[in-house]
Structures are given as C-alpha cells and as structure tokens.
Amino acid sequence: MSYFSELALQFIDGEWRGGSGSWDIVDFNPYNGEKLASITVATVEEVDLAYRAAERAQPEWGGTNPYTRRAVFERALRIIEDREKELTETIIAECGGTHVKAGFELHLAKEFLREAVHLALRPEGRILPSPVDGKENRLYRLPVGVVGVISPFNFPFLLSLKSVAPALALGNAVVLKPHQNTPVCGGGLVAKIFEEAGLPAGLLNVVVTDIAEIGDALIEHPVPKVISFTGSDKVGRHVATVAASHFKRTVLELGGNSALVVLDDADLDYAVDAAVFSRFVHQGQVCMAANRVLVDRAVEREFTEKFVAKVETLKVGDPGDPTTHIGPLINEGQAEAIASLVEQTIAEGATALVRGSAEGTLMGPTVLSGVPEGAAILGQEIFGPVVTLIPFDGDEEAVRIANDTDYGLSGAVHTGDIERGVRFAQQIHTGMIHVNDSTVHDEPIVPFGGEKHSGLGRLNGESMIEDFTTTKWISIQHGRSQFPF
C-alpha cells in the first residue's frame, strides 16, 4: 500500500528522512504477517533535532491569529473526508482493525478535528480585582510551548490526533512518538495530513523509535513542558516519575478494568448487545472495554444463555472482510499472553462457557464463569477477546465488586430505572460510567480520563485548555504603591 512506502520515515522540521539508528523497526500486518514497511529508528540526536525544530517554530505559531490557526484544522478535516477509503484500508492493514473499528476510529478523528477548530478560539484571559488601590490584575492564557505526545497501538490515528490537534490549535508545537507496532497510522499519517493542510514546518515532528534506542530522552529533554501519554499503567507510572523529576506536567490516559453491571430490572436483550460490544470491539484491545460483566443472580441464568448465544455468532478472521467481528491481536506475543491467562484462570477453577481457539494472532472469544475471588484475571486489564461473568446479590454487592480493582476508567450499568442507575453510577470509583449503554464511549467536549491507576488529568474539550496552556499573571499599578522602606 502506498502509504506504507511513502510514510515509513521520520518527519523532522518539515522533512521526511530516514533515522540514523543501527536497527530497524519492522511494521507487520498482524493478520497475515505481511511486511508493510521497515523504518530505521531515530536516535537521541534526532529526538533533539525534533524538539529543537519545535522550539524554533512555536513562538511565531503561538503568536498567530487563532482564526488563521484554525484554518489548518479545517483543511485537515477535508483531507480525511476525501481519503476515508484509503485511511480505512491503512488502519485495517496495520492495526488489524475490522471495518467497524476503522469506521469508529475515523468518525471520532473527524469529530475531534472539528473540536480543534473551535478550541483555537476558546482560551480567554481574565481581569481580577485587587485589595491594593490602583492595582489591575490581568490573567493571560498562553501556550505551554512544546508538547511531547506518546501514542498507543490500539487506536493510533485517533489517539495521536486527540492530543496533537488540541496542542497545535492552542498555539503549541508537538513532537509525536507513535507506538512501534503502528508507526504509520499513529505517526506518518498524522504528519502527512497536517503537512498537506499547510501546517508550517517544525510545528509537528514525528520520531519513530524505541526506548531501547533512546531511553528516556523523549521525556527528559529540556524543551517539552507537557508529556501526553496513552498506554499501560506500568509505563505511565514510569513516564510520570521521570517527568516529575524534570518538573514537567503529564496527562496520562492509562488502562482499565471496567465493569458492565446488569441489575435485576434491566432489558436483558439490550444489555447483552451492549456487553458483547463493550468486550469484543477491536478484539478487546480497548482501554474502556468491559473486562467484567456483573449480573444480578435474579437474571443470571437468562442473561448468560443469551450472552453466550450471541458471542458464539461472532465471526473471527480477516479484518478486511466486512463481515468479520473479531480480527487479530496486535502481535503473537499478545495472543500468547492472553491464551496463557485463560489457561491459568481455568486451572484456578473457572469454567469456560465459550473457549475460543488461538492460532497465531487470531483468537476466538472466550467467556469465563465461576472465576474464584482473588484470581489474577480479575485484577488486571485483559487486552484481548476474553470476558468474565460474575454474579452478585443486590446492588450493594455489585458496587463492592465493581470497585474491587486498582483501575477506574469506564463502566456501565443497565437498569429499567434511570435514577436507580444514576445512584448506582455515583458509587463507582471511575472517571466515566454510562447508564444503559456500552462502556466504550468518547466525545470531543466531554472530559475523558480515569481515577486510581487509570490515569491523571483529563482529555477533550475545556480540559485541553488546562492541559496545554499555562496561566500568566501580569499586574499593573495605575497609581503609586506604598512601600515600607
């Protein structure tokens, strides 16, 4: 595919160039193993070149009229709309995403670009009163300068844009490092679209590399003031620690262990549909996915029968086939880890109501019941097509089970009584929770983020202004101050 040969490069200071490292990142199609591209890694020196280019370009961009800045995002949006077919094919090839997943990702990418158009005009200053006679206090909202963005492999195009577009719209420059499994969708495509949209050189730089080559250089470098990271809580903890030691702010969108809860008065057919989507969209490789489905014992039998029947209809295979529901996991290592977790859980006493077979990166859906308390699977994020069904007796026990995790990203509750659902949702320690819907949602103006080990800060809408700008106080004394000496 042309995008892979064209964009399998570093993008630094407006130039497409090879890296100068001593080894290559090889980009594979996770479904068929086809080699898509080979990219020589960027070194510490190239990370420095990228940050210095961003540092040089940012002051003029930050001083540009925001009405001028927003035109770039309007053009970028049109480019995505014009090339949706090619972008869909690229996401399917590099990410192993199905047509449904690719459509979902591109739809949200366009929505977030539309929000960036408006975000450019949103920062506002303030004038505050002073107890000192003749004093005027002005507060200015200014760009932070340069933002470092590290994006993941599961929704690489969207999750790169989610930080890159707002940071640029608010007058910053960006250095983006995509995940090594998705260097084109998460990096090259984003850079190409903004280049064609007329973004001045140096404002967006993409470095394709790995910690094995650059260590913590991307975080430790003196130029970036904010690091936006999306990924696992383990890596996020490291990013936060290193950034804090260098007095940098972080925005961390990390993993989840979400629960979808079915109360005794829920519409079971609808709850089944929501639960199946919440667990198995993009093979379960979604931070908001419902790892745990909690069901009131009063409806457990009926729900379980319907749930298992629907899961058994899911088609596993080629993500390029529009009828496929579950495509490949991102690599064989991930598939092996998930298969091992299933085997361990069954050995601990769980029963597999559905046991998906595994071959290479393809894994069929697995439904586990009777998982004993304390089993390892209950306390971690399952980044694959595996779900646990957990019964409960009454709302109080459901709240306890749902909160029995170190994570707190998303969740859902199904009930025939909306206000009962809201009361339940208020008791769940999570950043986001949805009544009578799936656990997987993202909207451009609604704060997105988690509690506990699921992250720090929020993305989207007004939260982006807090993330990617800083406040400056300028006072003016119109009279004469009195000094004690």
If you count heavy atoms of other groups shown closer than 6.0 angstrom to CD of Glu81, is the number above 12? yes
Can you find a heavy atom in the side chain of Leu36 that is under 4.5 Å from one in the side chain of Val184? no
Using a strict cut-off of less than 4.0 Å between a Lys/Arg side-chain nitrogen and an Asp/Glu carboxylate oxygen, indicate whether Glu46 and Arg52 qualify as a salt bridge. no
Carboxylate-amine/guanidinium contact Glu74 Arg114, below 4.0 Å: no
Main chain of Val41, side chain of Glu213: is a donor-acceptor contact present, judged purely on distance under 3.5 Å? no
Could you tell me whether the side chain of Phe194 reaches within less than 4.5 Å of the side chain of Val164, counting heavy atoms only? yes
We want to know whether Glu6 and Trp16 form a side-chain donor-acceptor pair, criterion being a heavy-atom distance below 3.5 angstrom. no
Quick one: does any side-chain atom of Arg69 pair with a main-chain N or O of Ala169 as donor and acceptor, under 3.5 Å? yes
Ile445 atom CD1: more than 12 heavy-atom contacts under 6.0 Å: no
Judged by atom type as modelled, is there a donor-acceptor pair below 3.5 Å linking the side chain of Arg249 to the main-chain atoms of Ile227? no
Establish, for the pair Lys225 and Phe468, whether the NZ or CZ atom is under 6.0 angstrom from the six-membered ring centre and no further than 45 degrees off its axis. no
Mark yes when over 12 heavy atoms from residues, nucleotides or ligands other than Glu443 sit less than 6.0 Å from its CD; otherwise mark no. no
Any idea how Phe104 and Phe155 line up, ring-wise: parallel (<30°), tilted (30 to 60°), or perpendicular (>60°)? perpendicular
Check the orientation of Tyr270 and His414. Use parallel for under 30°, tilted for 30 to 60°, and perpendicular for over 60°. tilted
For Glu60, is the CD atom crowded, meaning more than 12 foreign heavy atoms sit under 6.0 Å from it? no
